[in-house]
Amino acid sequence: SKGGYDHFMEKEIHEQPKGIKETLERRLDDQGNIKLDSINISKEDLDGINKVYIVACGTAYNAGLLGKYAIEKFVKVPVICDIASEFRYSDPFVDENTLLILVSQSGETADTLAALRDSKAKGARILSITNVVGSSIARESDDVFYTWAGPEIAVASTKAYTTQIISLYMVALDFAIKKGTITEEFYKEMIAKMKELPDKIEEVLSNEEHIKELAKTVSGKEDAFYLGRGVDYNLAMEGSLKLKEISYIHSEAFAAGELKHGTIALIEEGTPVIAIATQEALFEKMVSNMEEVRARGAYVIAIAQNHNTTVEKASDKVIYIPNSDDILSPILAVIPMQLLAYHVSKLRGCDVDKPRNLAKSVTVE
Ligand code: M6R
């Protein structure tokens, strides 16, 4: 049932505080430490791993990109994140010292499953992050971490994405504390900040009317662009996918620093640009990029943390999110993009939950 909402997608967007709470708190022990129930990767196992791949498709791949960032930052090992259908045919350097992390809501995506089988045959250790208990990917993996998002019905993935990110962050923190690459203090502090996310997401959701208004400025357009730097670029990819998938507006995500290398030629009078600026160290650079596109006529909708009000000088509209850590802000910033895509799709009279040409689970290659 849609629980009083018009569409499953809207319901699922609103279920994110609960999904994150479940994903996180079910894995905290009495001392508040992470307990990865069905993952049995010891410090010795970790010492034997010299390559980490994260492999997935679509939104799960976008979540994987944030996982790569967290693992590299916390565990201090290089991580390659790849699209399953590319990874499979790229003759990857997989051997018995490889950890392959698969991310899949359904646990049934054909290319992701094939990547699992190929890598397993080469001796890799397989850790999967999935939402469906007993799915093919879950069954064939060495270790499984379930995202407790609850069933996701809408084709456009929302709560699976945010819970996948939380799961990847928990795995990263667990590996890092085992390997001693982060301090106990940092570990505790990150967990405490993650626990604050459900309430902060509620705060973002309470701003839905504002986003619904902004949807009107996008719904009549043919193109939209999403810009970001660092993890905000990965987030831009997810925002853009959400919009194109359910509203059929052509949208693309760009690393903001790449503008001058071609992309800026696309900006016309009134082109909507969603500019994500949650990263403290990159904030000023993003503001300059907003000014650049605005000078060429773009209509800039910025997403920024509450305290960064100087963003207003470079944008037409701002969606504020509660202040948070650089690494956690993306989880807050994606919510308004999900809502924007949802309301644009609705305004355009699209079939929100079942967009044309798409299936919830892609079980063909
Ligand atoms: O079930 P999976 O997570 O493996 O599915 C992967 C993609 O097919 C999926 O995320 C797709 O991109 C969504 N429709 C995006 O909203």
Side-chain angles (χ1 to χ4, degrees), residues 7-13 15-16 19 23 53-67 81-88 100-117 119 126-141 144-168 226 234-249 251-253 334-335 337-342 344-345 350-365:
H7 299 95
F8 283 109
M9 184 184 179
E10 194 184 21
K11 172 174 179 258
E12 289 161 8
I13 290 173
E15 282 171 347
Q16 291 177 105
T23 306
Y53 284 96
I54 301 179
V55 174
C57 302
T59 286
Y61 168 71
N62 292 340
L65 290 168
L66 295 185
C81 183
D82 208 354
I83 295 167
S85 57
E86 289 296 315
F87 174 83
R88 282 181 69 185
L100 182 78
I101 304 179
L102 298 165
V103 189
S104 175
Q105 187 285 129
S106 63
E108 301 295 346
T109 299
D111 282 313
T112 312
L113 184 57
L116 182 160
R117 289 177 179 158
S119 302
I126 316 285
L127 159 60
S128 64
I129 294 178
T130 178
N131 198 37
V132 180
V133 177
S135 57
S136 305
I137 289 175
R139 284 197 318 267
E140 296 187 30
S141 299
V144 187
F145 190 91
Y146 289 108
T147 48
W148 290 105
E152 193 181 63
I153 310 290
V155 165
S157 183
T158 53
K159 60 179 182 172
Y161 174 75
T162 44
T163 55
Q164 281 159 358
I165 298 170
I166 287 291
S167 304
L168 286 160
Y226 288 75
N234 303 144
L235 205 61
M237 292 165 67
E238 175 58 12
S240 163
L241 174 60
K242 224 70 318 163
L243 184 75
K244 73 180 80 156
E245 175 175 38
I246 57 168
S247 77
Y248 319 143
I249 293 176
S251 78
E252 287 189 64
V334 77
I335 313 287
M337 293 194 287
Q338 296 169 341
L339 287 170
L340 184 73
Y342 171 73
V344 169
S345 171
C350 299
D351 190 347
V352 177
D353 285 336
K354 285 195 168 62
R356 68 185 183 205
N357 310 340
L358 291 171
K360 179 66 184 160
S361 176
V362 184
T363 52
V364 289
E365 299 184 4

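Note that the structure is a prediction, hence the values are computed from the model and not measured. Counting from 1, the numbers follow the sequence of the chain as shown. Ligands are counted one by one from 1 in listed order, and the atoms in each one are counted from 1 as well.
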* Asked: Just how far is it from atom CG of Leu102 to atom OG1 of Thr112, taken to the nearest 0.5 Å?
  -> 7.0 Å

* Distance-only polar pair, side chains of Gln16 and Thr162, donor-acceptor under 3.5 Å -> yes

* Asked: What about Gln164: any of its N or O atoms under 3.5 Å from an N or O on ligand 1?
  -> no

* To the nearest 0.5 Å, what is the distance between CD1 (Ile83) and OH (Tyr61)? -> 4.5 Å

* Quick one: do the Glu108 and Ser135 side chains pair a donor with an acceptor below 3.5 Å? -> no

* **Sub-4.0 Å atoms of ligand 1 with respect to non-hydrogen atoms of Ser106** => 1 (O), 2 (P), 4 (O)

* Quick one: look up the protein heavy atom nearest atom 4 (O) of ligand 1 and list residue, atom name and how far away it is. => Thr109 OG1, 2.4 Å

* Which ligand 1 atoms are under 4.0 Å away from a heavy-atom of Val155? -> 13 (C), 14 (N), 16 (O)

* Contact with ligand 1 for Ser361, non-hydrogen, under 4.0 angstrom -> no

* **Between Ser157 and Thr59, a side-chain donor and acceptor under 3.5 Å** => no

* Closest non-hydrogen protein atom to atom 14 (N) of ligand 1, residue and atom name please, with distance? -> Glu245 OE2, 2.5 Å

* Any idea which protein heavy atom is nearest atom 8 (O) of ligand 1, and the distance to it? -> Val362 CG2, 4.1 Å

* Asked: In this structure, are over 12 heavy atoms from other groups packed under 6.0 Å from Lys244 atom NZ?
  -> yes

* Part of Lys360 with heavy atoms under 4.0 Å of ligand 1, whether side chain, backbone, both or neither -> neither

* Thr112 near ligand 1, heavy-atom distance under 4.0 Å? -> no

* When you look for heavy atoms under 4.0 Å from ligand 1, do you find them on the side chain of Lys242, its backbone, both, or neither? -> side chain

* Asked: Going by the atom numbers of ligand 1, which of them fall below 4.0 Å from some non-hydrogen atom of Ala60?
  -> 3 (O), 10 (O)

* Under 4.0 Å to a heavy atom of Gln105 - the qualifying atoms of ligand 1, by number -> 1 (O), 2 (P), 3 (O), 4 (O)

* Asked: Say you draw a straight line from OH of Tyr161 to CG of Leu66; how long is it, rounded to the nearest 0.5 Å?
  -> 4.5 Å

* What is the nearest protein non-hydrogen atom to atom 15 (C) of ligand 1, stated with its residue, atom name and distance? -> Thr59 OG1, 3.0 Å

* Asked: salt bridge (charged side-chain N to carboxylate O under 4.0 Å, His left out) with Lys159: which of Glu12, Glu15, Glu152, Glu10?
  -> Glu15

* Of all the atoms in ligand 1, which lie at a distance below 4.0 Å from a heavy atom belonging to Ala156? -> 16 (O)

* Run down the list Cys57, Ala56, Gly58 and name the one with the heavy atom closest to atom 6 (C) of ligand 1. => Cys57

* Are Lys242 and Ser251 linked by a side-chain donor-acceptor pair shorter than 3.5 Å? -> no

* **Gap separating the CD1 atom of Ile246 from the CD atom of Gln338, nearest 0.5 angstrom** => 9.5 Å

